[in-house]
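Since the structure comes first, as C-alpha cells, the remarks are kept for the end.
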Amino acid sequence: MPEGHTIHRLALDLERDLVGHPVEASSPQGRFPDADRLDGRTLRSTEAIGKHLLLHFGAGRVVHVHLGLFGRFRRHRRPAPPPRDTTRLRLAGPDRTWDLVGPTACEMLTSADLRSLRARIGVDPIARRTSRADLDRTFATLARTRREVGAVLLDQAIFSGIGNVYRAEILFLLGIDPATPARDLSRRDFDAIWRKARELLRLGVVERRIVTVRDAGRRPPRREALHVYKREVCRACTGPISRTTSAGRSLWWCPTCQPPRREPTRS
DNA sequence: AGACGATGCGGAC
DNA sequence: TCCGCCTCGTCTT
C-alpha cells in the first residue's frame, strides 16, 4: 500500500486518534525495545515527510517509521485483539489501538538523525507548501543528471513520496516517455510533473488509495482506477501497454500515448 | 504446505 | 545492478 499518500493519511489518522493523549506503547514482537521509553507518554504531534512517518512524543523522543514494501498499520477499536507475533509496535490510545507490522524502520531518532533525514529528502508533493527556491533547486538537479525521467521520479532525494504506481501514472497522464533524459525536460514539463504529482498524491490522501482515472468526477472501482500500471491495454488508445525496467522496478507505459521525444527543448 | 509477489530501500559489488 | 530484509494474502500443489 505505501506510497506518500499512505503515510500522510496515517499521520492524519494517528493524530486524530492519539495526539494529546497518554499512549500505552509496547513491542509485542520485541524488536523495538525503545517502546518502553514511550509508554505512558503523551503523543504531541505526527508528521509525514515523503514516505517517512514521524511520531513526536516530546522531550526529544521521536519515533521514525518507514513501512517499506510490506509494512502496515492496523487500527483496532476497543477491545483490541491480541497482537500478532509480528507486531513491532502497539500504540493504545483512549479508544483506538494501532498496530505496526513489518516496517523497514521503526526506531528512535536523535535530533542529528532527524536533521539528516530532513536534509536527504526531496520535495514532497503533499507538503502544504514548498518554497520556490526548493523547486528551482530541484529543476536544476534534473538539468544536471544523466538519468531518465522514469528513474528520477522514484528518487526520494529528488521527489519524495512518489512510488512505482504514481510514477507510471504521472508520466502517462503527461504523455512523457519514461526514457526521456531528465535533463531534456523543459521547465514547463517540470512544472507539469510537479502539479500532477500534487494533484494525484493529494487525492490519494483523501481517497485512501491511488486513483488516477476520473470519469466525470466519479470514483472508479478498484480495477478501473489506473491508466497503465500493471495493465495490458491502454485506456486512451486501446493499444498494448509496454513493460520495461527502470530504476530496478517494473514500469508500465503506453508507447503510443508517450512517444519518444524528437528534439529536446529547454526553456 | 509451499511458492510467489508487492505501492521500498540500503548496502555490497 | 543485484541482494537481502520486512510480512502476509493469494495462488498452486
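Protein chains get the first letters and strands the later ones, always in sequence-line order, with residue 1 at the start of each. Just so you know, these numbers use all the heavy atoms, side chains as well, and skip hydrogens, waters and symmetry mates.
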ring-ring contact (aromatic ring centres under 6.0 Å, His included) partners of residues 20-39 of chain A, not counting sequence neighbours, each pair once: none

Every protein N/O within reach of nucleotides 6-9 of chain C N/O, cut-off under 3.5 Å:
unit_1 : atom_1 : unit_2 : atom_2 : d
C:dC6  : OP1    : A:R31  : NH1    : 3.3
C:dT7  : OP1    : A:Q29  : NE2    : 2.7
C:dC8  : OP1    : A:R84  : NH1    : 3.3
C:dC8  : OP1    : A:T86  : OG1    : 3.0
C:dC8  : OP2    : A:T86  : OG1    : 3.2

Spacing of the P atoms in C:dT13 and B:dG5 (rounded, Å): 13 Å

Inter-nucleotide P distance (C:dC6, B:dA1), Å rounded: 23 Å

Rounded to whole angstroms, how far apart are [atom1] on [X] and [atom2] on [N]?
X      : N     : atom1 : atom2 : value
A:L53  : B:dC9 : CG    : C1'   : 17 Å
A:L251 : B:dG8 : CG    : P     : 12 Å
A:L10  : B:dG8 : CG    : C1'   : 15 Å

B:dG8 phosphate, OP1 or OP2, under 4.0 Å from A:H66 side-chain N/O: no

Side-chain N or O of A:K230 closer than 4.0 Å to phosphate OP1/OP2 of B:dG5: no

For [X], what residues pass the salt bridge (charged side-chain N to carboxylate O under 4.0 Å, His left out) criterion, not counting sequence neighbours?
X      : answer
A:D113 : none
A:E15  : none
A:R235 : A:E224
A:R137 : A:D134

Summary of salt bridge (Lys or Arg N to Asp or Glu O under 4.0 Å) pairs that have at least one residue in residues 21-39 of chain A, sequence neighbours excluded: none

DNA chain B-proximal residues of residues 195-203 of chain A, any heavy atom under 4.0 Å: none

Selection: residues 151-177 of chain A, any non-hydrogen atom under 4.0 Å of DNA chain B: A:Q156, A:G163, A:N164, A:V165

Over-ring placement of A:R44 relative to A:F57, 6.0 Å and 45° cut-offs: no

Partner set under side chain to side chain contact (heavy atoms under 4.5 Å, CB included) for A:R96, not counting sequence neighbours: A:D17, A:R75, A:R77, A:W98

Qualifying residues under side chain to side chain contact (heavy atoms under 4.5 Å, CB included), relative to A:E148, sequence neighbours excluded: A:A179

Could you go over nucleotides 10-13 of chain B and give all protein N or O partners under 3.5 Å, atom names and distances?
unit_1 : atom_1 : unit_2 : atom_2 : d
B:dG10 : OP1    : A:R120 : NH1    : 3.1

Partner of A:D99 by salt bridge (Lys or Arg N to Asp or Glu O under 4.0 Å), out of A:R90, A:R72, A:R74: A:R90

Donor on one side chain, acceptor on other, A:R243 and A:S250, under 3.5 Å: yes

Atom pair CG/CG of A:L67 and A:L10 - distance to nearest 0.5 Å: 6.5 Å

OG on A:S246 to CG on A:N164, rounded to 0.5 Å: 8.5 Å

